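All heavy atoms count here, side chains included; hydrogens, waters and symmetry mates do not. Predicted model only: the values in this text are computed from it and were never measured. Order of the sequence lines sets the chain letters (A, B, ...), proteins ahead of strands, with each chain counted from 1.
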Number of protein chains: 2
Amino acid sequence: MTQSNETTSYRDIKETVLARIRSGEWQPDSLLPNEQDLAVEFSCTRTTVNRALRELADEGFLERRRKAGTRVLSAPQRQARFTIPMVRDEVEALGGIYRYALVSSVAERAPEWLCARLALKPDQHVMHVRCMHFNGNTPFQYEDRWIVIDSVPQVVNADFASIGPNEWLIQTVPFTNVELSFLASRADESVAAFLDLPIDEPVFTGERITWLEGQPVTFSKMYFTAGYRMTTQF
Amino acid sequence: MTQSNETTSYRDIKETVLARIRSGEWQPDSLLPNEQDLAVEFSCTRTTVNRALRELADEGFLERRRKAGTRVLSAPQRQARFTIPMVRDEVEALGGIYRYALVSSVAERAPEWLCARLALKPDQHVMHVRCMHFNGNTPFQYEDRWIVIDSVPQVVNADFASIGPNEWLIQTVPFTNVELSFLASRADESVAAFLDLPIDEPVFTGERITWLEGQPVTFSKMYFTAGYRMTTQF
DNA sequence: ATTTCCATTTTGTGTAGACTTTAAACTTTT
DNA sequence: AAAAGTTTAAAGTCTACACAAAATGGAAAT
């Protein structure tokens, strides 16, 4: 059969299923009919039903298990997706002019806390890069970053005066695994100075660890401007 | 052909494509071969290639447009997916015992700032619920919430002494639209008291606005325990 | 009563092929 | 040139069918 106006598409099925859950017709924890039966009901193939249910499961509405069937999740595990933009894009999306400035870039022995954090050997060296990201002339983010030299030997020749370490790394080393955290920290003297804040001001802070095939590549702390909020809708 | 050991699955294709992007073989902004050609290369059907590329696009690695083809995103818009668990689950995942306590629950006229925030009429009423979530006996989260009575009339009969407002709302109005923000705030006198912190301590804070079919349902502020971090891996 | 094993059900994934939709690129007209 | 129309290549989706893999529930063995 050709897909004409009256054909049920996987989108229609998704909508119908969601509507039935919302209306209470399909209660939380209850089992849905199996794919074959739904295919008959919607007069389409099982393939189409499968796609609809698979996506709803991805989106956190359903739970599916072979042989056990598909059930409505009682507490819809809705996942918030935060897009992690690069600072430049974030500033430009705010309608601002992005400006970058290098503060310092030094090769040094990895400090103890970093060795612990990244599972480095005590004598490994890192490139310590500090830099600022501005929105026009307003400080937007202060970045404190360490790059493991053994993992990215080219870093010793990188010119971080002209390109930010994040953009450089993205061009240079692909990464495979990332751990990203957000927390509230307190502006110490240096952070306060760079972001033009009072000392002890609460600062929204991100920490990112990046690995390439199990090798630690970089650790960075990002201190955001006062009043910054990370927002998403779903 | 049957799917035997040597068959290329959409997973294999995803991996291979990612590897080629990482290795630089497929540069950012460059165009991938079209699905048909890839199908030939991987000796599978276009359907299978399609699924692989579609998922990679969903995950933020590729951009696909009809007729234009598939290209590697220059700034991989990787999306961090934070699962937003209910406090109970979060505490239990930490190995703790979850305990809930109501602080107060009062019906009142919506304050001006809330009217502005939720686009309420100036005379609308809200249920103002304050409560605590504990990990054992340690304060974990202090929650300050307003529920729009016109949107959820049953709320006046809800017994928030025995069930948290979030869990009650999920049972009552399950499918909603949400705007979620995170920021760093400063513990005022009351927050500090509830979370057992010094005044002015930085506090990781979440704000959530919830709508049902365009109607504002609830606004809540969640103040997290000292040292809290929201973490994800990808 | 408990464990082990097996049949069966349900989702997971693949093949092969067709039609649809979008939008880029080209062609014609103004 | 610029605008309007046309072609066409690429992704998007569906059909129809097949075999694979997991896990449940019951049967058999201990």
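The shortest distance between the side-chain N/O atoms of T70(B) and the OP1/OP2 oxygens of dA11(D) is below 4.0 Å. Note on R46(A): every side-chain N or O is 4.0 Å or more away from OP1 and OP2 of dA16(D). Between R11(A) and dT13(D), a side-chain N or O to OP1/OP2 separation shorter than 4.0 Å is present. At dA16(D), none of the side-chain N or O atoms of T47(A) fall inside 4.0 Å of OP1 or OP2 (strictly under the cut-off). Not one side-chain nitrogen or oxygen of N50(A) sits closer than 4.0 Å to the OP1 or OP2 atom of dT13(C). For dC14(D), the OP1/OP2 oxygens have no side-chain nitrogen or oxygen of Y10(A) closer than 4.0 Å.
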Any protein N or O atoms within reach of nucleotides 3-9 of chain C? Criterion: under 3.5 Å, listing atom names and distances.
| residue | atom | partner | partner atom | Å |
| --- | --- | --- | --- | --- |
| dT9(C) | O4' | K67(A) | NZ | 3.3 |

Taking distance alone, no hydrogens or angles, what donor-acceptor pairs closer than 3.5 Å link side-chain atoms of residues 134-142 of chain B to residues at least two apart or in another chain?
none

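Partners of E90(B) by salt bridge (Lys or Arg N to Asp or Glu O under 4.0 Å), not counting sequence neighbours: none found. Remark: Y10(A) engages no residue in a ring pair (Phe, Tyr, Trp, His ring centres under 6.0 Å) (not counting sequence neighbours). Residues meeting the salt bridge (Lys or Arg N to Asp or Glu O under 4.0 Å) test with R51(A), sequence neighbours left out: E55(A). Remark: Y100(B) engages H133(B) in a ring pair (Phe, Tyr, Trp, His ring centres under 6.0 Å) (not counting sequence neighbours).
The list of salt bridge (Lys or Arg N to Asp or Glu O under 4.0 Å) pairs with a residue in residues 214-234 of chain A, not counting sequence neighbours, reads E207(A)-K221(A), R229(A)-E207(B). Each salt bridge (Lys or Arg N to Asp or Glu O under 4.0 Å) pair with one or both residues in residues 151-173 of chain B, not counting sequence neighbours, appears once here: R88(B)-E167(B).
The end-to-end axis angle of the helix from dA1(C)-dT30(D) to dT30(C)-dA1(D), rounded to 10 degrees and based on five pairs per end, is 20°.
Here OG1 of T205(B) is found 8.5 Å from CZ of F224(B). Values are rounded to the nearest 0.5 Å.
Among dC14(D), dA11(D), dT11(C), the nucleotide with an atom closest to any side-chain atom of E35(B) is dA11(D).
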